[in-house]
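Please read the structure below before turning to the comments.
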Number of protein chains: 2
Amino acid sequence: MKVFPEKIEEGDSTPAYYQLARVLHGWIMSGELRPGDRLAPELELCCRFNLSRMTVRRAIAMLVDEGLLRRERGRGGGTFVVGPKVDGGVFLIPDFQEEMRNRGLAASVRLLKASLVPAGETAAGKLGLEKGGKIIYLERVLEGEGQPLAFDRKYLVYDPSRPLLEAELGHGDTRELFSRCPELMPVRAELSLSATVLRPREADILDSRRGDPAFCMEQLVWAANDHRVAWGWMIYRGDKFVFRSISRLL
Amino acid sequence: MKVFPEKIEEGDSTPAYYQLARVLHGWIMSGELRPGDRLAPELELCCRFNLSRMTVRRAIAMLVDEGLLRRERGRGGGTFVVGPKVDGGVFLIPDFQEEMRNRGLAASVRLLKASLVPAGETAAGKLGLEKGGKIIYLERVLEGEGQPLAFDRKYLVYDPSRPLLEAELGHGDTRELFSRCPELMPVRAELSLSATVLRPREADILDSRRGDPAFCMEQLVWAANDHRVAWGWMIYRGDKFVFRSISRLL
DNA sequence: GAGTGGTCTAGACCACTGT
DNA sequence: CAGTGGTCTAGACCACTCC
């Protein structure tokens, strides 16, 4: 067993649990601890770094969340280094506005259509309404630096007491569509991501060619009390979007 | 302000922090607390539920991680309900084996090719090796219930002391490829997900048609000491894979 | 029984921020 | 200054699991 020279600096303004997490992370990344190895027990780490157990546990918990450590109870147990999942991972897919901010591009939204339509079978089912009831249908193009990057189609529940405002429709964030209607404010969404190819109209709108690859993100939005308020899907140009797996730690 | 009738049951075997997290979650989902509202301060929750502050904080932290709460320090601060991101989210994309387990399908791997080749410019760059050095090239088909679902191409660093074994190559998990070589055991991976269409050879192998939509997941794998050990990409049939955003809580 | 991690407490002090 | 959250401690008891 190796000697572990790292220390937790008292003068350091970064929290002790975070410093310790970095130390443990370093042990793994440097190969000092390898997949399958067992980490020293909590109480031993407490002594070694002169920290309380809760602090040590918090550091370990960060690496467990990250998938780098696994914990087992019982006499033969302990905290073990696991090779992380390497063929799958966590993808944090940002919304359009955020993605444009990340890229440093100016995001804009162009409204193509906004109309009151009778709900078809599918939309009615998705929104939990009766078929034929009035709902709002939106079509919008999401642009970055003036270039069309995504095509958004959405159905919204219709609230007669809430007039449609251009200012709201022209905003990229779905939340803004309900900004003046607290009862319908979203609290949850289900998203699903699939691969698709552009159909003629989509290609035209997105300044691309039919058959080009694209992402399709379907979206179902819930307000309080299990009330569904929006359903739609967004087509992202495949040549403009690549999503990266992220480790939130360190 | 409403009355909050919920209690933390002592007899319940589920941890108190988890029970409290469910209560808070319920307040938001039921609309009792709406986006923008301020949650009671920690000490007030401690009194109300007869819990210590650390336990209350742990419950709150779960909802903060979930994106449902936001915390602010200072006199005017507090814990606020935020409308969660509704146009983007967290996607936990599982590896192939896991995905098949989830679906209850029998996963199998068919090896198409395994050869020692000189590293081209790109592969050498990705793996941090010299161009022309020997590396391993693999082609494999990942099948579910006998049906081809994904096509995997991968370059591996070549270790002369480690003979290639059929048993390893036929396993779906990248980690298994290094199972007898502790120095090269993966500790980290970068994945990137893009949309693509099947090219003729891919379509042929995947029993699909050229131009069909597909996901492409590029993968770069690190072992300890910043040593890169594998680079490749996997083509997932678009008609067989849809990825869903997940909230890990409750 | 012995050793591990899982939960929980009742305090303490600090950092931040609006009043 | 007052009130918020952020960190940390030194203990306690429990659940689990191998020996």
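Proteins get letters first, then strands, A, B, ... in listed order; numbering begins at 1 in each.
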Would you please confirm or rule out a distance under 4.0 Å between OP1 or OP2 of [N] and any side-chain N or O of [X]?
X: A:Thr79; N: C:dG5; value: yes
X: A:Tyr17; N: D:dC8; value: no
X: B:Arg71; N: D:dT4; value: no
X: B:Arg58; N: C:dT7; value: yes
X: A:Thr55; N: D:dT7; value: no

Criterion side-chain contact (heavy atoms from CB on, under 4.5 Å) on A:Asp87 and B:Asp173, from CA distance to verdict: CA-CA 7 Å; A:Asp87 300 301; B:Asp173 189 10; 2.9 Å; yes
Would you mind reading off the distance between [X] atom [atom1] and [N] atom [atom2], rounded to a whole angstrom?
X: B:Leu45; N: D:dG5; atom1: CG; atom2: C1'; value: 12 Å
X: B:Leu39; N: D:dG3; atom1: CG; atom2: P; value: 18 Å
X: A:Arg38; N: C:dG5; atom1: CZ; atom2: C1'; value: 11 Å
X: B:Leu43; N: C:dT9; atom1: CG; atom2: P; value: 14 Å
X: B:Glu42; N: D:dT7; atom1: CD; atom2: C1'; value: 11 Å
X: B:Arg57; N: D:dT4; atom1: CZ; atom2: P; value: 14 Å
X: B:Ile60; N: D:dT4; atom1: CD1; atom2: P; value: 12 Å
X: B:Glu72; N: C:dT19; atom1: CD; atom2: P; value: 12 Å

Please answer whether the main-chain N or O of [Y] pairs with a side-chain N or O of [X] as donor and acceptor at a distance below 3.5 Å.
X: A:Thr55; Y: A:Leu51; value: no
X: A:Arg140; Y: A:Ala150; value: no
X: A:Gln19; Y: A:Thr14; value: yes

Flag for A:Ser192-B:Arg244: side-chain donor and acceptor within less than 3.5 Å: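 Absent: no donor and acceptor within the cut-off.
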Base versus backbone protein contacts along nucleotides 10-19 of chain D [heavy-atom cut-off under 4.0 Å; B, S, -]: B-B---BBB-
A:Phe243: ring pair (Phe, Tyr, Trp, His ring centres under 6.0 Å) partners, not counting sequence neighbours: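 A:Phe215.
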Summary of salt bridge (charged side-chain N to carboxylate O under 4.0 Å, His left out) pairs that have at least one residue in residues 95-109 of chain B, sequence neighbours excluded: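 Residue pairs passing salt bridge (charged side-chain N to carboxylate O under 4.0 Å, His left out), neighbours aside: B:Glu99-B:Arg103.
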